[in-house]
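One structure below.
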Amino acid sequence: MDKFSILKQYFGHTVFRPGQESLIDGILSGRDVLGVMPTGSGKSLCYQIPALLMPGLTLVVSPLISLMKDQVAALLGVGVKAAFINSSLTLKQLQAVYQRLREDSYKIVYIAPERLASDGFVRLMQEQKISLVAVDEAHCISQWGQDFRPSYLKIVEFLEKLPSPPVLSAFTATATAQVRQDIIDILKLHAPLSIVTGFDRPNLFFDVQRPKNKMTALRSLIGARYGKSGIVYCATRAAVERVSDDLNAHGIGATRYHAGLSDEERRRNQDDFQFDRKPVMVATNAFGMGIDKSNVSFVIHYNMPKSLEAYYQEAGRAGRDGEKADCILLFAAGDITTAKFLIQNSGDNEELSAAEQAQVKKRDYRRLEQMTGYCKTTGCLRNNILDYFGQNHEDPCENCGNCKSTYTMTDITLEAQMILSCITRVKHQLGYYVGATLIGQVLRGSKDKRILELNLDGLSTYGLMRQESRSRIGEYIEFLAGEGYLYTNPQYATLELTEQSAKVLFQGETVAMPVKSSPSPSLEGLKKKGKKQFTQRNAAEESGLLTALKALRTRLAQEEGVPAYIIFSNATLADMASKAPHNIYEFLEVSGVGEVKAARYGEAFLGAIATYEEGDGIS
Ligand code: ADP
Ligand code: MG
């Protein structure tokens, strides 16, 4: 067997993706490797194929329980002997796995990093021939990375206890040079072959929108993607609750995930999403690393994340099956305040010294600036991301919200002056700063009780912007805050003046705000069309055969109690529908069909295709 026949026979693919072949060759030649490849690019195969070609055992260190479970299920599904060891196993199950390990029954074992410190496990491993250790999500070892897991440091101690050093391979989707160097240094990769592949995900459409009302915008975005699976990321647990309640109240099947839920509920909700019982998952960033669901067709950020790394990682969970998918960020200047608050109050990492912690915070603020830059740029969004990851690119991509729309710069100097001087006057009168709502009320000449009680109706700026809508004034304020003309105090949510405010008020600085003039296609569509039309359009787009194949997949998945994509991915079913194979040889030509799956499911799917074609002939 060679790597090509393994690729075909086990995994059903005919060609390697960029980076895979070099990494596999590197490992097989006995060299340590570091693979930096974006989410969904196929890092798993880079260690799974060598594992099958090398003698002995491959250990895969992986951070999350659910991820291991899925990967092992997928491997068993293609006929690879695999198991996992983590805290979800009962003592009895653990003993069974240990027993089978002693009998050399596995080729690949996934293990949680904290387990590497267990004496029993170490002793067992000292008796085994371990050819390869693969460290997945290797950026978790870097204390500068946002996902630092102290337990990853146990990998190094573990390796030192092995009688002979295995080949070491590390994989991550986090590309910054610093994290890369950390991985090499801490894991002590020996003269590693480093492969950094392109970070572009051409099938993803990126957009940043600034809706007046995020909730309404979210509902229409999801409505327009009826029946599709997607994730909505929120910055806080409270927002997750609010958003998921609202979606459910509007008939959108949404489940939720955050660290405040019981283990039991988290598991159940994740399963509901994974098994397509609920199409939408509303979650904090606690949800994700363990998610290997390939048919996620949109990721909407209800709030801006704290860094572009986090954003790209989360957004990158869309479209892993290679199908077109949308990554939309709903931005409001208030998100910056929330993010700053979260950074300011983030729990300190006990393993770092005070100086190191201060440095981490500083880096966090710098990352936040990059993230904010992405939200505000009027240039190509994809290129903004690729620049951040240090990847060269050419022209604007023509496949993002900004490339597809035009911006007109509108002069809002006058409006800015009115808002800033209103803040000055109110502060002068009351002796303290107030929030955006109150400022908006003064500007619009509100008769609200509080305004009258505080005598704010006597100010010269009272009613100055009477003709503007509340949300319009809100947009100006957000923009001014985003540009630094205003400061939103995260602690009290008050609007305060900055040095830049003075330039506008007294030094004749002009302010121009970009206004998106042709909305992105995703928004355009849903303004005109209702949910129903979209369902019909989707149904019409999808061939009858594909629908039949999907139905069969759902049935098999239910029978076997596994997520549907473990049987076949959407991309595989689409290829199957277009090739419509008539016998097992043609079936094996379908991308994603290997020998084990052909043997297991060939009959059922060939049967469904035959039945469909007969039915088609009659009608
Ligand atoms: P990563 O770990 O890099 O995020 P995965 O290893 O989970 O990505 O792979 C993502 C998807 O790509 C999987 O559905 C996998 O089957 C598919 N894939 C991997 N390699 C290939 C290949 N050479 N050809 C076609 N599909 C592939
Ligand atoms: Mg992976």
Side-chain angles (χ1 to χ4, degrees), residues 3-25 33-52 60-75 77-78 80 82 84 108 110 134-140 147 169-175 195-204 274 288-297 299 312-323 325 553 562-576 589-594 596-597:
K3 60 184 183 220
F4 293 106
S5 41
I6 301 260
L7 179 70
K8 181 72 196 141
Q9 285 184 28
Y10 282 88
F11 301 100
H13 304 306
T14 32
V15 284
F16 283 109
R17 291 205 182 139
Q20 286 180 327
E21 207 177 340
S22 322
L23 287 163
I24 291 170
D25 288 344
V33 304
L34 170 62
V36 184
M37 294 153 74
T39 309
S41 58
K43 290 186 284 296
S44 320
L45 282 194
C46 299
Y47 55 82
Q48 289 169 347
I49 290 183
L52 293 174
V60 183
V61 183
S62 169
L64 277 184
I65 291 175
S66 54
L67 182 111
M68 290 186 214
K69 199 173 127 204
D70 272 10
Q71 294 252 354
V72 169
L75 284 172
V78 299
V80 176
F84 60 82
I108 302 181
Y110 281 74
V135 181
D136 205 5
E137 312 289 353
H139 59 280
C140 292
D147 296 318
S169 58
F171 299 90
T172 178
T174 301
I195 302 273
V196 183
T197 63
F199 267 73
D200 190 14
R201 301 271 312 274
N203 63 321
L204 299 185
Q274 200 103 322
M289 260 228 289
I291 298 313
D292 231 344
K293 191 173 181 351
S294 64
N295 65 342
V296 175
S297 93
V299 171
Y312 204 49
Q313 203 170 59
E314 287 160 15
R317 298 198 172 109
R320 293 181 64 155
D321 51 9
E323 311 253 308
R553 177 179 66 175
V562 296
Y565 62 85
I566 294 259
I567 307 232
F568 284 128
S569 71
N570 280 349
T572 297
L573 287 194
D575 195 43
M576 198 182 295
E589 293 300 307
V590 174
S591 159
V593 177
V596 170
K597 285 203 176 171

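Numbers here are sequence positions counted from 1. Order of listing sets the numbers, starting from 1, for every ligand and every atom in it.
- An N or O contact shorter than 3.5 Å is missing between Phe16 and ligand 1 by distance.
- For ligand 1, the atoms sitting less than 4.0 Å from at least one non-hydrogen atom of Pro38 are 3 (O), numbered in the order shown with element in parentheses.
- Scanning the protein for heavy atoms near atom 6 (O) of ligand 1, the closest one is Ser44 OG, 2.6 Å.
- Below 3.5 Å of separation, one finds an N or O of Gln20 facing an N or O of ligand 1.
- A donor-acceptor pair under 3.5 Å is absent between the side-chain atoms of Gln20 and the main chain of Leu45, judged by distance alone.
- Atom 12 (O) of ligand 1 has as its closest protein heavy atom Arg17 NH1, 3.0 Å.
- Contacts between Asp136 and ligand 1, counted as non-hydrogen atom pairs separated by less than 4.0 Å, are absent for every part of the residue.
- Note: an N/O pair closer than 3.5 Å links Lys43 and ligand 1 by distance alone.
- Distances shorter than 4.0 angstrom occur between a heavy atom of Arg320 and an atom of ligand 1.
- Among all protein heavy atoms, the one lying closest to atom 10 (C) of ligand 1 is Gly40 O, 3.6 Å.
- Remark: ligand 1 atoms within the under-4.0 Å shell around heavy atoms of Val15 are 22 (C), 23 (N), 24 (N).
- Rounding to the nearest 0.5 Å gives a distance of 12.5 Å between CG of Leu204 and CZ of Arg317.
- Here the side chain of Thr572 pairs a donor or acceptor atom with the backbone of Ser591 at under 3.5 angstrom.
- Scanning the protein for heavy atoms near atom 25 (C) of ligand 1, the closest one is His13 ND1, 3.2 Å.
- Not a single heavy atom of Ala173 sits closer than 4.0 Å to an atom of ligand 1.
- Between Phe171 and Tyr47, the two ring planes are tilted [angle within 30° to 60°].
- At least one donor-acceptor pair closer than 3.5 Å links the side chain of Arg553 to the backbone N or O of Phe568.
- Atom 9 (O) of ligand 1 has Gly42 CA, 3.5 Å as its closest protein atom, hydrogens excluded (heavy atom only).
- Distance remark: protein heavy atom present below 4.0 angstrom from atom 18 (N) of ligand 1.
- Without hydrogens or angle criteria, Lys3 side chain to Pro50 main chain gives no donor-acceptor distance under 3.5 Å.
- A donor and an acceptor atom, one from each side chain of Asp70 and Gln274, are located under 3.5 Å apart.
- Counting heavy atoms under 4.0 Å from ligand 1, residue Ser294 does not touch it at all.
- A donor-acceptor distance shorter than 3.5 angstrom exists from the side chain of Lys43 to the backbone of Pro38, with no hydrogens or angles considered.
- Between the side chains of Asn570 and Arg320, no donor N or O sits under 3.5 Å from an acceptor N or O.
- Looking at Arg201, its side chain never comes within 3.5 Å of a backbone N or O of Tyr312 through a donor-acceptor pair.
- Residue contacts with ligand 1: Ser569 is excluded, as none of its non-hydrogen atoms falls under 4.0 Å.
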